[in-house]
Amino acid sequence: MKRNRKNTNGFEKWGGYMEAKKTKLEQQFTEKATDDSNHVKSQIFKGISIFVNGYTLPSANELKRIMMENGGVYHHYHRPNITTHIIASNLPTAKLKLLKQFKIVKPEWISDSLKDGKLLNYENYLLFIDKPNQPKIDFPVRAKNASEPTFLSEFYNNSRLHLISTMATTFKRLVNDTRKQNQTDYPGRQRLKNWIEQNRVKNMLFNDSELDNDKIIMHIDMDCFFVSAGLVERPELRGLPVAVTHAKGNLSKQREGVDRGTEFNLYVKRWRGDDDENDEEEEAHEIRPRSTKRDGINETDSMAEIACCSYEARKVGIKNGMLVGRALKMCPTLKLIPYNFEQYKKVAHTLYTHILNDYTLDVEAVSCDELYLDCSHILETTKASPIELAMFLRNEIKEKTQCPCSTGIGSNYLLARLATKKAKPDGQFYLEPGIVMDFMKNIDILDVPGVGRTLGHKLSTLGISTCGELSALSLQTLQSEFGNKTGLSLYKHCRGEDDRKLNYDYKPKSVSADVNYGIRFQNKEESDNFVRQLCNEVEKRLDDIEMNGKTVTLKLMIRNAEAPKESAKFLGHGFCDNITKSSSLTKSTSNSRIIFQVVNKIMNQLDIDPTELRGIGIQMNKLESRIVTGPGRIENFISNMKSEPKINHTLVNENTDNDKIILTKVSKPKSHQSSSTENINKSKSVMDFFKPKEDLNSKNQLKSSNSKSIVPCQSLVNIKMSQVDPSFLDALPADLRLKLENELKSHENLNSTFIENQNSPIMEVTMTEESSKLYQHVQIDKMKEFIEEWVVTENEPKMCDNIMVSKYLCNLISDAKTEDAYEIIRKLYRLIKNKDDLAWKQSYFDILKNVQEIMMNLYNAKMKVETTFK
DNA sequence: ATCCTCCCCTAC
DNA sequence: TAAGGTAGGGGAGGAT
């Protein structure tokens, strides 16, 4: 079955498209069933049509086959009036509530019926017994995969790699922000000075020769960070072999479709290369054994990864990244402790603020537990020796965080880093210039930063395993072997030379969101929904840093044809083929809809089978900051809205009218005199809600602004502080309130903005992140109050208010506050029904359309609300 | 020469 | 069961 879909001109035709698609697919099903009529084995499921929701056993594909062969019908989409049964093994509560009125049956109903050769009573297989107040799931809760709407956030909440990555960014930004504050007082330096005065003679650490003109770089690295932070609250485990992991050491369950042996062999084959030539080379040079992390794992060993292990565990050969099953074989007494993300954040924050506030701003953040600092100023002002600084600083960090760290000191980046390796655990090491040559000779090539598995192996095939051996190769040899840049840095680094500068100034070059875990989709709907969520995530991250991206890159992991259907690791990606494809826009954006459109085009062009997907990543490159020129961000946003980027890529059909995505056009005429000026005092818009009702001041301001352009719909830019209802401000969180106040203040003098009212009955929700965030935090009751006032007092609905309400409701739904949204829609319906006005009814349908779209995206179901005014 | 895309590698 | 993310550097090879 092809998934090529016609261009749909954005999303406004989504509903119609869905209908068409349903019919098409069902037609195909019937045709297929007819074609395969010689395979029909029975009519057990005559009259039954099923829709499979979520992950099931047997799989949806299997169930489809069973239905086809036995007289039943399989629906790719849930069709409330046609689908007779929904098949599911588990449903999240939100989904459950929505689908409550339908027959939701466990897949065993199908398999048992098939086994017995007759249709069994589905009532014995209901997923839950409908007790009105508390639907109870009669099934053990199973792990979620990415087809569930809550998967993404749960995954991010539990992913150590995601945490590591986001924390690194967080602290790079913290350094940036702190440096801007221009602080001049460093109390730590004074403490160090005092300590030196009291202890120098006793320490005998001072050495005149250490005071030279070289730059002094210090590298600080917490010792086995996750373990140390975890042991703060479990001191009884100190001194024991400890590892941090998700697993509890249980044996892994045997699952259908898993073949660890086959999967592991594929990895080994890819890693070794397939040709004999390589094998000969390896023997000739006595290559050190290369192990995959799957070594020593059998069918039931735990496949969880060890994120971090204590030095006691390392002594017996356990390493970070090793699988729990194997580690337990090496050390059956290994203590497994769970993650404690909050604690890691706390410790890391303490570490950073201590150094930044008390010692220096010349810090390069590497990660949550690792940083470089330029000691020049500290040493100059305190007259301390590098070792004294290291001892003192390490001691303070240990006191503050209760976690040990190690520090290395050297004249450059590389030497500082290598010194730390030597210092560990819980120590310090100053790699003095005089000993660098000797020191480097014996450094293992794999300890050089930048030399990993692949480069290390390649070097070992050349018979090289230490820096000393590497330094025998000429620059030319290295460059022809590894490329110009890689060759040059190998040449320098093995000699202890490194001219990289500490980078204090963090400027992101790309933003991405990847998930390569839990990706198991039954159909294109599920994968689309998930991709949409990833696009939203990317948009959020771009907005966080106030940047837009100009190139979209899609990264896919697809099950390799030879790989077992199910991965060895539970919900893992298994052995995959990787695909990367990028597409450039004419104008940078952060708009998730545009990103999705691009991504979707690529997906369709690649014709990916959604069931074979194992990983998805979306990346934005060529970042541009949203330059603030002139009046400010909002102004800039409005000018951005005038023309959203066109997609410039061969994949993209030229007929695509991307402008249709944005139906609310904004322009800013220089001296536009509106003909509707006389309406302004009668006209009510959402913004008027922010005004106190009897505020003379605001009336005056409105009058005085009559000379400017006043149009039916004001944008945020037009609101003045004095117009804002104080109770609205109170409803906002403090930080948001401050932001709003500042933005309003900075726009007091701005010209009014004209928002063109579209005649099109179709409305698309496109608001600025700035303004939608504001609405997001309006309390539910406040919003109900507004809606009542709006509908009751307003003659006709305005587009901008429709948009605001839609956006608000969509935000509620995506925040899983579906019930609140439901209540508001009911209220809106009642109000509009009373009003009995065509334009208002249209307004209701427009809003509902947006709501149902997001419902379909998130829950694959519509909200059950009134769809006609009888 | 320099840029772009599609990778791969590395680090935390 | 298990939570295999994310940013940056760079090489190969083709387009400009």
Side-chain angles (χ1 to χ4, degrees), chain A residues 142-146 151-169 171-172 221-222 225-226 245-255 258 293 300-305 307-308 320-321 323-325 339 341 348 365-371 417 446 448-458 479 482-489 500 503 506-519 537-538 541 551 553-555 557 566-574 576-584 614-615 617-623 649:
Chain A
R142 76 185 156 71
K144 290 189 168 71
N145 67 41
F151 172 81
L152 192 61
S153 61
E154 279 178 35
F155 174 64
Y156 280 148
N157 284 336
N158 288 291
S159 162
R160 75 178 197 282
L161 290 172
H162 175 72
L163 181 89
I164 288 171
S165 203
T166 48
M167 279 177 99
T169 315
F171 289 110
K172 281 167 203 273
D221 194 337
M222 304 300 286
F225 183 58
F226 285 4
T245 165
H246 278 297
K248 294 169 194 78
N250 300 331
L251 291 184
S252 180
K253 272 183 201 154
Q254 298 247 17
R255 284 169 288 124
V258 175
K293 65 170 69 166
T300 54
D301 289 330
S302 169
M303 290 285 290
E305 271 180 53
C308 183
N320 291 351
L323 300 178
V324 169
Y339 290 89
F341 287 2
V366 176
S367 72
C368 57
D369 73 325
E370 186 182 340
L371 54 92
R417 177 75 184 74
L446 289 170
V448 177
V451 178
R453 218 173 50 148
T454 303
L455 200 47
H457 176 247
K458 216 170 162 190
Q479 287 185 320
F482 302 104
N484 281 341
K485 295 220 182 176
T486 311
L488 180 60
S489 46
R500 285 173 297 176
N503 184 12
Y506 166 65
K507 282 204 181 69
K509 298 182 181 67
S510 70
V511 164
S512 65
D514 305 46
V515 176
N516 300 312
Y517 178 83
I519 302 295
E537 186 63 32
V538 170
R541 294 181 195 182
T551 307
T553 304
L554 175 67
K555 289 180 287 178
M557 293 185 86
E566 255 314 320
S567 61
K569 188 198 274 288
F570 176 66
L571 290 179
H573 56 59
C576 281
D577 298 323
N578 299 322
I579 300 179
T580 313
K581 206 140 182 66
S582 56
S583 173
S584 286
R614 292 295 180 269
I618 294 167
Q619 185 179 44
M620 296 298 282
N621 304 299
K622 296 233 198 84
L623 300 189
H649 192 271

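Order of the sequence lines fixes the chain letters, A, B, ..., with proteins taken first and strands second; residue numbering starts at 1 for each chain.
Regarding contacts with the backbone of C:dT1, every side-chain N or O of A:His246 stays at 4.0 angstrom or more from both OP1 and OP2. Between A:Ser302 and C:dT1 there is no side-chain polar atom (N or O) within less than 4.0 angstrom of OP1 or OP2. In this structure, A:Ser165 does not reach the B:dC12 phosphate: none of its side-chain N or O atoms is under 4.0 Å from OP1 or OP2. For A:Arg417 and B:dA11, the shortest distance from a side-chain N or O to OP1 or OP2 is not below 4.0 Å. For B:dC6, the OP1/OP2 oxygens have a side-chain nitrogen or oxygen of A:Lys581 closer than 4.0 Å. Checking the phosphate oxygens (OP1, OP2) of C:dA3, a side-chain nitrogen or oxygen of A:Lys569 falls inside 4.0 Å. A:Lys485 has a side-chain polar atom (N or O) that falls below the 4.0 Å cut-off from OP1 or OP2 of C:dG10. Between A:Ser582 and the phosphate of B:dC7, there is no side-chain N or O to OP1/OP2 separation shorter than 4.0 Å. Proximity of A:Lys172 to the phosphate of C:dA7: no side-chain N or O atom is located under 4.0 Å from OP1 or OP2. Look at A:Thr551 and you won't find any side-chain N or O under 4.0 angstrom from OP1 or OP2 of B:dC4. For the pair A:Asn516 and C:dG5, the criterion of a side-chain N or O lying under 4.0 Å from OP1 or OP2 is met. Contact annotation: A:Thr486 reaches the phosphate of C:dG11 (side-chain N/O to OP1 or OP2, under 4.0 Å). Remark: A:Thr580 is not in phosphate contact with B:dT5, judged by side-chain N or O atoms under 4.0 Å from OP1 or OP2. Regarding contacts with the backbone of C:dA7, a side-chain N or O of A:Ser512 is found under 4.0 angstrom from either OP1 or OP2.
A:Ala304 comes within 4.0 angstrom of the backbone, heavy atoms only, and of no base. At a threshold of 4.0 angstrom between heavy atoms, the contacts of A:Gly572 include nucleobase atoms, whether or not backbone atoms are also involved. Backbone-only contact: A:Leu455 has heavy atoms under 4.0 Å from sugar-phosphate atoms and none from a base. The residue A:Lys458 sits apart from the nucleic acid: no heavy atom pair falls under 4.0 Å. Among the protein residues, A:Tyr156 comes within range of the sugar-phosphate backbone only, with heavy atoms under 4.0 Å from sugar or phosphate atoms but none that close to a base. Backbone-only engagement by A:Arg541 is indicated by non-hydrogen atom pairs under 4.0 Å involving sugar-phosphate atoms exclusively. The residue A:Arg160 sits close only to the backbone: its heavy atoms come under 4.0 Å of sugar-phosphate atoms, none of a base. Contact annotation for A:Asn250: backbone-only contact, meaning every heavy-atom pair under 4.0 Å involves sugar-phosphate atoms and none involves a base. Residue contacts shown for A:Gly325 are absent, as no nucleic acid heavy atom lies under 4.0 Å away.
The distance between atom CD of A:Gln619 and atom P of B:dC8, rounded to the nearest whole Å, is 14 Å. In this structure, the NZ atom of A:Lys555 is 14 Å from the C1' atom of B:dT5, given to the nearest Å. Between the P atom of C:dG5 and the CG atom of A:Leu571 lies a distance of 13 Å, rounded to the nearest Å. Atom CD of A:Glu305 is separated from atom P of C:dG5 by 10 Å (rounded to the nearest Å). Rounded to whole Å, atom C1' of C:dA2 lies 9 Å from atom NZ of A:Lys248. Distance A:Leu152 CG to C:dT6 P: 9 Å, rounded to the nearest Å. The distance between atom NE2 of A:His162 and atom P of B:dA11, rounded to the nearest whole Å, is 22 Å. Rounded to a whole Å, the CD atom of A:Glu537 is 13 Å from the P atom of C:dG5.
The side chain of A:Ile164 has B:dC12 as its nearest neighbour among C:dT6, B:dC8, B:dC12. Of the listed nucleotides (B:dC9, C:dG5, B:dC4), C:dG5 has the atom at the smallest distance from the side chain of A:Asp514. With C:dA3, B:dC9, C:dT6 as the choices, the nucleotide that has an atom nearest any side-chain atom of A:Tyr517 turns out to be C:dA3. Distance from the side chain of A:Lys622 is smallest to B:dT5 among C:dT1, C:dG8, B:dT5. Of the candidates C:dA2, C:dG5, B:dC9, the closest approach to any side-chain atom of A:Met303 belongs to C:dA2.
At distances below 3.5 Å, at least one donor-acceptor pair connects side-chain atoms of A:Lys172 with backbone N or O atoms of A:Ala365. The main-chain N or O of A:Val448 is never found under 3.5 Å from a side-chain atom of A:Arg417 such that the two would form a donor-acceptor pair.
With a 4.5 Å cut-off on side-chain heavy atoms, A:Met303 and A:Phe570 do not count as touching. The shortest distance between side-chain heavy atoms of A:Gln479 and A:Leu488 falls below 4.5 Å. Side-chain contact between A:Gln254 and A:Thr300: present, with at least one pair of heavy atoms (C-beta onward) separated by less than 4.5 Å. The side-chain heavy atoms of A:Ile618 and A:Leu554, taken from C-beta on, include a pair separated by under 4.5 Å.
Toward the 5′ end of DNA chain C lies the nearest nucleotide of A:Lys253, the other residue of the pair A:Lys253 and A:Gly487 mapping further downstream.
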A:Lys569 and A:Glu305: side-chain contact (heavy atoms from CB on, under 4.5 Å), yes or no, with the steps?
CA-CA 10 Å; A:Lys569 188 198 274 288; A:Glu305 271 180 53; 3.9 Å; yes
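Partners of A:Phe151 according to the ring pair (Phe, Tyr, Trp, His ring centres under 6.0 Å) rule, which considers only residues two or more places apart in sequence or in another chain, are A:Phe155.
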